[in-house]
Amino acid sequence: RSTPTVDGDAIYAFGSDGDLVCLDKKSGKVSWLKNVRTEFGGTYGRWAYAESPLVDEKKVICTPGGDDASIIALNKKNGDVIWKSSITGAVAGYASAMAATINGVKQYITLMSGAGLVSVHAETGEPLWMTGLDKDAAPIVTPVIQKDFIYFSSREGSVLLRVVNSEHKEKIDTVYSLKKLPNAVGSSV
């Protein structure tokens with residue numbers, strides 16, 4: 001269901017049952033394997049897992065869902081936990097996490113059932129902000145991020161948000177929300 005991510009001599013893949021694996025590109029041998037359901041108490045939606053792993057610098061970012069490890073960062077070389085982010089009520093969606101630096105803060109942004117659009121700090125996993133917009137819609141389509149704008153869509157329509165900094169706290173403004181422009185499955189560009 002998800003596209004593998006290639007990074008140098010490693011291939012990272014995430015299976016629908018929660019197996020996150022790092023394979024050697026040349027030999028195909030397993031370098032490390034984690035099952036996010038058993039090891040992190042992951043919770044997925046109706047159609048199991050379908051996100052592509054994000055490799056960013058020394059980390060692999062994945063969304064197990066669940067209250068204790070909603071989003072995780074693992075060491076890409078050995079699979080050791082770097083951080084776990086806790087977002088109460090969040091269930092893994094199907095969108096892939098994206099890395100972005102907005103207002104000088106590097107963050108990972110993804111869509112999750114029960115939470116909507118979610119952002120966590122790239123270095124600590126601390127939740128920065130979440131929208132709640134479309135939080136009950138199937139979070140399938142990967143968000144598109146440019147500068148401080150984030151576009152995402154679902155069966156319910158399309159939304160363009162702007163992340164603004166207000167007294168050192170992230171704040172979200174809705175630029176537009178169009179119910180006449182739904183996009184249920186295919187990612188936008």
Side-chain angles (χ1 to χ4, degrees), residues 1-5 12-14 16 18 36 42-56 60-67 70-73 85-122 125-167 169-189:
R1 292 182 176 186
S2 61
T3 305
T5 303
Y12 302 88
F14 192 38
S16 61
V36 301
T43 306
Y44 57 71
R46 181 182 316 168
W47 301 291
Y49 291 105
E51 100 180 273
S52 297
L54 170 64
V55 177
D56 185 48
V60 176
I61 309 304
C62 179
T63 311
D67 290 344
S70 310
I71 302 170
I72 58 173
S85 183
S86 176
I87 301 167
T88 303
V91 174
Y94 314 102
S96 299
M98 301 295 291
T101 300
I102 301 174
N103 298 322
V105 178
K106 186 162 185 186
Q107 50 200 281
Y108 301 122
I109 300 168
T110 193
L111 281 166
M112 299 185 75
S113 293
L117 194 67
V118 174
S119 172
V120 298
H121 195 282
E126 176 188 352
L128 295 173
W129 52 265
M130 67 182 73
T131 67
L133 295 170
D134 285 344
K135 70 180 184 177
D136 296 321
I140 297 170
V141 179
T142 297
V144 176
I145 304 166
Q146 187 168 7
K147 296 183 181 177
D148 54 354
F149 291 95
I150 303 170
Y151 175 85
F152 67 101
S153 58
S154 72
R155 292 182 178 118
E156 304 298 319
S158 296
V159 178
L160 180 66
L161 303 175
R162 182 164 188 232
V163 182
V164 294
N165 195 315
S166 175
E167 299 176 9
K169 293 180 182 178
E170 299 294 342
K171 181 182 168 210
I172 309 301
D173 286 339
T174 301
V175 177
Y176 65 76
S177 178
L178 300 173
K179 294 204 180 275
K180 293 181 179 182
L181 188 59
N183 182 16
V185 178
S187 292
S188 304
V189 293

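Heads up: numbering here begins at 1 and tracks the sequence. As the structure is a computational prediction, the values presented were derived from the model and not from experiment.
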Checklist entry - When you look at Val36 and Tyr44, which way does the side-chain contact (heavy atoms from CB on, under 4.5 Å) test go after all the steps? => result CA-CA 10 Å; Val36 301; Tyr44 57 71; over 6 Å; no
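- Using modelled atom types, no side-chain atom of Glu156 and backbone atom of Ser154 make a donor-acceptor pair closer than 3.5 Å.
- Panel note: side chain Ser86, backbone Asp67; a donor-acceptor pair is recorded below 3.5 Å.
- To the nearest 0.5 Å, atoms CE (Met130) and CD1 (Ile87) are separated by 5.0 Å.
- Atom CD1 of Ile172 sits about 7.5 Å away from atom OG of Ser119, to the nearest 0.5 Å.
- Scanning all heavy atoms of the two residues, the minimum distance from Val141 to Ser188 falls at CG1-N, 4.0 Å.
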Scan the side chains in residues 88-102 for donor-acceptor partners under 3.5 Å anywhere in the protein, sequence neighbours excluded, and list what turns up.
from  : atom 1 : to    : atom 2 : distance (Å)
Tyr94 : OH     : Arg46 : N      : 3.0
Tyr94 : OH     : Trp47 : N      : 3.1
Ser96 : OG     : Ser52 : N      : 2.9

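- A donor-acceptor contact shorter than 3.5 Å is absent between the side chain of Gln107 and the backbone of Leu128.
- Of all heavy-atom pairs between Leu111 and Pro143, the closest is CG-CG, 4.4 Å.
- Heavy atoms only, all atoms of each residue included: Ile150 and Val163 are closest at CD1-CG2, 3.8 Å.
- The two residues Tyr108 and Ala122 make their nearest non-hydrogen contact at CE1-CA, 3.4 Å.
- Judged purely by atom type and a 3.5 angstrom limit, Ser113 has no side-chain atom pairing as donor or acceptor with the backbone of Gly45.
- Here CD1 of Ile61 is found 6.5 Å from CG of Asp56. Values are rounded to the nearest 0.5 Å.
- Remark: the backbone N or O of Ile71 is not paired with any side-chain donor or acceptor of Ser85 at under 3.5 angstrom.
- Tyr151 contributes no side-chain N or O that, together with a main-chain N or O of Ser158, makes up a donor-acceptor pair within less than 3.5 Å.
- Heavy-atom minimum distance, Thr63 versus Ser70: CG2-O, 3.3 Å.
- To the nearest 0.5 Å, atom OG of residue Ser16 and atom CD of residue Glu51 are 13.0 Å apart.
- Heavy-atom minimum distance, Tyr49 versus Pro64: OH-O, 2.7 Å.
- Sequence neighbours left out, the pairs with a member in residues 139-149 that pass side-chain hydrogen bond (donor to acceptor under 3.5 Å, both in side chains) are Asp148-Arg162.
- Distance check: Trp129 CH2 to Ile109 CD1 gives 4.5 Å after rounding to the nearest 0.5 Å.
- Distance check, rounded to the nearest 0.5 Å: OH of Tyr176 to CG of Leu160 gives 4.5 Å.
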